[in-house]
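Just so we're on the same page: letters track the sequence lines, and every chain starts at 1. Side chains included, hydrogens not; waters and symmetry mates left out as well; all remaining heavy atoms used.
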Number of protein chains: 2
Amino acid sequence: MSQYHHGNLRNALLTIATELLSEDGVHSLSLRKMAQRAGVSHNAPYMHFADKEAVLAAIAEEGFRLLSVEVESAISHANTTRLRLIEASNAYVNFALNHPNHVQVMFCPYDAEKYPSLLEASQASLNRLFELVKSGQEKGELISGDTQAMTKSVWAMVHGVATLSIAYKTRALLPEKISTKETISVFIDCLLTGLAP
Amino acid sequence: MSQYHHGNLRNALLTIATELLSEDGVHSLSLRKMAQRAGVSHNAPYMHFADKEAVLAAIAEEGFRLLSVEVESAISHANTTRLRLIEASNAYVNFALNHPNHVQVMFCPYDAEKYPSLLEASQASLNRLFELVKSGQEKGELISGDTQAMTKSVWAMVHGVATLSIAYKTRALLPEKISTKETISVFIDCLLTGLAP
DNA sequence: ACCTGAACACCGTTCAAGT
DNA sequence: ACCTGAACACCGTTCAAGT
């Protein structure tokens, strides 16, 4: 019964919350359901989280860490900057398609000063992309421009593909015939080659 | 008391919902609050909407129409394709910054078959962008490639900037010093010029 | 057709206790 | 420090009525 001392409950609740999120959408994620599934009274969660928003922020933070891991391992076997960008984007979009509710929680507008570790985790993800762009520039595989601006452009594009894919459940951006990765390489090539003559 | 016959209540509820949304975030938008503010019993809304999701879908639909109007009028005075893309993007991002909760509701994953008029409204917005790209190609101001793919690339980029701007309340993508429009022109120029040497 | 009132099963959050 | 139980004000949704 009381195997939950010393902070175990916090982790258990987060695991349960992630499970519930993958089943049923953010709107039906409740503290009371989490508590019940953890076999604990309905306000035990308040020992570990200030309120519901704090739980969501913790879930979001965990999401950025999971995303970073997936992107990192996707990149690891790619040789050129173009392929690295495609693999990273593919991992990002697939993460969004596999965990749409988690991504929705990740990109809610939180008060950054209230959840510093969340900000940290999300910035770590972005920094990884910054390094990718910078090393591409150093190798001469990307133009030598404002690295920050270029990084943000890639991020915006990939994030747009990811969130639009969630909203339209693949249909709008990713045609059924072609594989997700092939489609994404079209987007990345648009960004690399440019649309102006 | 009963000035609400013949479908007026439906519109009144949507107006009230939009107001509530601009004040307080999606999580605290409730049918009961809407009904109360409309001076009507707490389940009168069920005469006009199947459930809460149907209200949200209607709000989303209205949002796409508002967005289309803003983008259209922003485009109208721009001469080149580049300027039109910048003005359209600027309107899109400013709409998101001014109505973040509305945009959040617009891009939730709805069942398209359940809300056909919502799908229609959102596709109308996208079609307008498609025409912009196509006319740019015809004028030789854009490369002649797959128009669909190019349109989706622009859309993804702009939508990414918009949603990330909401999530990070301007900070992450739009530096405070520079105006939003200037920053957006950097993104668009990245996409036009391309990142590869 | 359009609206009301009572009722049900759920919420988040607080507060006084218990160990 | 960590958890429980009762209580409060709020939800969405349904159903039997009223006009």
Subject >> Charged N-O contact under 4.0 Å between B:E141 and B:R82 >> reply: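 Answer for the salt bridge query: no.
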**OP:** Answer yes or no: is there an ion pair linking A:E23 with A:R37, defined by an N-O contact shorter than 4.0 Å?
**Re:**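 Judged by the 4.0 Å cut-off on N to carboxylate O distance, A:E23 and A:R37 do form a salt bridge.
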Original post:
Would you call the rings of A:H102 and A:H99 parallel, tilted or perpendicular if under 30° counts as parallel and over 60° as perpendicular?
Top reply: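 Ring orientation of A:H102 relative to A:H99: perpendicular.
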Original post:
Should the ring pair B:Y168 and A:F107 be called parallel, tilted or perpendicular, given that the plane angle runs from 0 to 90° and is split at 30 and 60?
Top reply: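 Taking A:F107 first and then B:Y168, their aromatic rings stand perpendicular (interplane angle over 60°).
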**OP:** If a protein heavy atom is under 4.0 Å from the base, mark B; if only from the sugar-phosphate, S; if neither, -; do that for nucleotides 7-19 of chain D going 5' to 3'.
**Re:** B---BBBBB----
Subject >> Test of ring centre spacing under 6.0 Å for B:F95 and B:F64 >> reply: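 No - the distance between ring centres of B:F95 and B:F64 does not fall below the 6.0 Å cut-off.
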Subject >> D:dC2 and C:dA17, which share atom name P, separated by this distance in whole Å >> reply: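 Their P atoms lie roughly 22 Å apart.
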Subject >> Verdict with reasoning, B:E62 to B:T18, per side chain to side chain donor-acceptor pair (under 3.5 Å) >> reply: CA-CA 9 Å; B:E62 177 70 6; B:T18 307; over 6 Å; no
Original post:
Once you round it to whole Å, what is the distance between P of C:dC2 and CG of B:N8?
Top reply: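 Whole-Å distance recorded here is 11 Å.
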Original post:
Does D:dT4 have a Watson-Crick or wobble mate here (both distances under 3.5 Å), and if so which one?
Top reply: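 Checking every strand shown, D:dT4 finds its partner in C:dA16, with both distances under 3.5 Å.
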Original post:
C:dC11 pairs with which nucleotide, Watson-Crick or G-U wobble, both distances below 3.5 Å?
Top reply: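 Because no pair has both required distances under 3.5 Å, C:dC11 counts as unpaired.
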